[in-house]
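Numbering of ligands and ligand atoms starts at 1, following listing order. This is a predicted model, so every value here is computed, not measured.
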Amino acid sequence: MYWNAKLERLDPEALQELQLTRLREIMARAAASPFYGRRLQEAGLTAADLRSLDDFRRLPLTTKDELRAHGKEMLTRPLTDMVRLHASSGTTGQATVIYYTRADIEAWADLVARSLYMAGMRADDVFQNMMGYGLFTGGLGFHYGAERLGALTIPIGAGNSQRQLQLMQQFGTTAVHIIPSYALYLLNTFAQHGLAPRSLSLRLAFLGAEPHSEDMRRRIEAAYGVRAYNSYGLSEMNGPGVAFECPEQNGMHVWEDSFLMEVLDPVTLEPVAPGETGELVFTNLTRQGMPLLRYRTRDLASYDLAPCACGRRFKRLSRIKGRSDDMVIIKGVNIFPMQIDKVLMAMPEVGTHYLVELSRVDFNDQMLVKVEVQQSFFQEDLKYLKQLQKRITEALKSELLVTPRVELVEPNALPRSEGKAQRVIDKRS
Ligand code: COA
Ligand code: AMP
Ligand code: ZN
């Protein structure tokens with residue numbers, strides 16, 4: 001039942017003691033990096049004089065902008081000691097990059113293995129990973145964890161729906177890692193091929209990368225004949241394997257031996273009480289190469305302290321309830337409106353106004369970008385406009401990693417709003 005019984009069964013007092021010890025270690029390690037060296041000094045904090053978790057709160061939060069601008073200054077060791085990086089989408093200089101040492105990759109794999117084991121996956125399972133490989137952490141993160149656990153791992157990645165079905169049939173897939181909206185969308189492909197998902201060997205589904213409701217989980221469970229578990233993580237804290245559901249399905253246990261979690265009011269930045277919604281702030285407790293201290297995730301959620309029937313005392317995180325910034329998630333890909341702005345405003349043909357509409361058709365996320373074209377270009381022939389439309393689509397896809405539908409409109413065709421223009425309308429429920 002436990003991958004690491006000693007750690008997973010720690011009681012709150014022992015856990016707090018372990019966290020304090022690890023916090024001192026990580027502060028000492030982080031102090032070797034130029035960024036945190038400065039920051040700790042400015043806050044007048046040293047590992048030696050840290051008496052309680054409250055002391056640690058004197059350290060200012062680390063933001064995504066700081067990570068973008070100073071990421072490399074957060075390394076505690078030379079770049080030659082790093083063996084991998086993962087990055088968010090975005091133009092050079094805007095992407096957030098996380099570097100991992102070999103030990104970091106191993107610790108991460110162990111956390112994912114622990115999560116999968118908790119949810120019931122075993123070495124004799126056949127695991128099909130339907131998340132994006134490459135720079136996304138959902139691919140390789142789960143991959144290494146599943147291998148560590150000993151499961152036969154199929155690294156198919158995202159997309160390619162028909163092939164997903166073939167592999168499930170051919171190799172008797174028992175467990176999948178899948179984006180929840182795609183799991184529901186994929187049911188169409190099953191129907192087109194006259195195949196019943198329940199007739200396959202599937203028994204477990206791990207759902208992550210985007211917010212989803214209890215209703216969606218239940219639908220996936222019913223359609224596929226599986227038990228489905230919520231999986232939360234973010235690249236800045238390795239990737240998946242930060243919080244994961246146990247068989248009780250009553251919130252995601254946060255792996256507090258590896259991550260210190262704070263839940264703060266996004267305005268006052270004061271801690272909120274259990275059950276209240278706040279912004280998640282995490283500190284790596286064990287990372288070697290690039291530990292982040294008090295990282296502001298912008299994810300909103302609440303937590304529960306009550307003991308769980310599974311025997312673990314780690315806090316349980318609610319579903320992610322939203323964001324305290326303007327990031328949106330489309331097909332499991334994180335997108336900041338600023339990225340769209342940058343692409344469009346760099347094109348001389350584009351006017352000053354555009355509008356992004358997000359919708360979900362048949363559980364498939366759609367992104368429609370209506371773009372006002374400058375008068376002089378709008379008068380060009382249809383062939384020219386078609387080419388322009390194609391160029392804009394490609395430029396956006398290259399920046400965002402999802403393909404939008406682009407519609408060119410006349411100057412002044414889009415509604416003007418008073419005050420700050422609302423550029424993104426999310427029509428998904
Ligand atoms: N997950 C997996 N596959 C998806 C998907 C999703 N959320 N949404 C769509 N797809 C499938 C489509 O069904 C299609 O396959 P098919 O034609 O064989 O049915 C294929 O991906 C391409 O779809 P399209 O809508 O044309 O793709 P796009 O260019 O807009 O986006 C994706 C391409 C889906 C591959 C890209 O958005 C992606 O990699 N998403 C997954 C991100 C991820 O893994 N996030 C986890 C982060 S930890
Ligand atoms: P990335 O850094 O690409 O791994 O994306 C991390 C972000 O994806 C998080 O900050 C969340 O906003 C979102 N996310 C990841 N897992 C979940 C989940 N289970 N539920 C809701 N949102 C999630
Ligand atoms: Zn539990």
Does the separation of the ring centres of His86 and Tyr99 fall below 6.0 angstrom? no
Using a plain distance cutoff, I'd like to know if Ala209 has any nitrogen or oxygen under 3.5 Å from a nitrogen or oxygen of ligand 2. yes
Heavy-atom nearest neighbour in the protein, as seen from atom 9 (C) of ligand 2, with distance rounded to 0.1 Å: Asp299 OD2, 3.2 Å
If we only count N/O pairs under 3.5 Å, is Gly332 in contact with ligand 1? yes
Please confirm whether Lys397 approaches ligand 1 to less than 4.0 Å, judged on its heavy atoms. yes
Return the closest protein heavy atom for atom 18 (C) of ligand 2 as residue, atom name and distance. Ser231 O, 3.7 Å
For ligand 1, find out whether one of its N or O atoms is nearer than 3.5 Å to an N or O atom of Lys331. yes
Given that the side chain starts at C-beta and the backbone is N, CA, C, O, which of these parts of Ile179 lies under 4.0 Å from ligand 1, counting heavy atoms, or is it both or neither? side chain
Would Val333 count as a contact residue for ligand 2, given that I'm defining contact as a non-hydrogen atom of the residue lying under 4.0 Å from a ligand atom? no
Sub-4.0 Å protein heavy atom next to atom 19 (O) of ligand 1: yes
Give the residue, atom name and distance (to 0.1 Å) of the protein heavy atom nearest atom 13 (C) of ligand 2. Ile329 CD1, 3.6 Å
Looking at atom 48 (S) of ligand 1, tell me if a protein heavy atom falls under 4.0 Å from it. yes
Counting both backbone and side chain atoms, is some N or O of His212 under 3.5 Å from an N or O of ligand 2? no
Heteroatom distance test (Gln162, ligand 1): nitrogen or oxygen, under 3.5 angstrom: no
Give the atoms of ligand 2, by number and element, whose distance to some non-hydrogen atom of Met327 is under 4.0 Å. 12 (O)
Out of Phe136, Tyr182, Phe142, Tyr133, whose heavy atom sits nearest atom 9 (C) of ligand 1? Tyr182
Is it the side chain, the backbone, both or neither of Ser235 that has a heavy atom closer than 4.0 Å to ligand 2? both
Shortest heavy-atom approach to atom 2 (C) of ligand 1 - which of Gly139, Gly134, Gly159, Gly233: Gly159
Scan the protein's non-hydrogen atoms and note whether one is under 4.0 Å from atom 22 (C) of ligand 1. no
Backbone or side-chain N or O of Thr137 under 3.5 Å from ligand 1 N or O: no
Specify the protein heavy atom at minimum distance from atom 15 (C) of ligand 2: its residue, its atom name, and the distance to 0.1 Å. Gly233 O, 3.4 Å
Of the listed options Leu401, Asn188, Ile178, closest to atom 36 (C) of ligand 1 (non-hydrogen atoms): Leu401
Between Gly132 and ligand 1, does any nitrogen or oxygen pair lie at a separation below 3.5 Å? yes
Which residue and atom name correspond to the protein heavy atom nearest atom 7 (C) of ligand 2, and how close is it? Asn334 ND2, 3.9 Å
Side chain, backbone, both or neither: which applies to Arg323 and ligand 2 if a contact is any heavy-atom pair less than 4.0 Å apart? side chain
Which ligand 2 atoms does Ile320 reach within 4.0 Å, using its non-hydrogen atoms? 20 (N), 21 (C), 22 (N)
Contact check: Ala209 vs ligand 1, nitrogen or oxygen atoms, below 3.5 angstrom: no
Protein heavy atoms near atom 41 (C) of ligand 1, is at least one of them under 4.0 angstrom away? yes
Does Pro211 reach ligand 2, in the sense of a heavy atom lying below 4.0 Å from it? yes
Opening angle at the Zn ion (ligand 3) [SG, Cys308; NE2, His253; to 10 degrees]: 110°
Does some non-hydrogen atom of the protein lie less than 4.0 angstrom from atom 26 (O) of ligand 1? no
With a 6.0 Å cut-off on the ring centroids, do Tyr2 and Tyr117 count as close? no
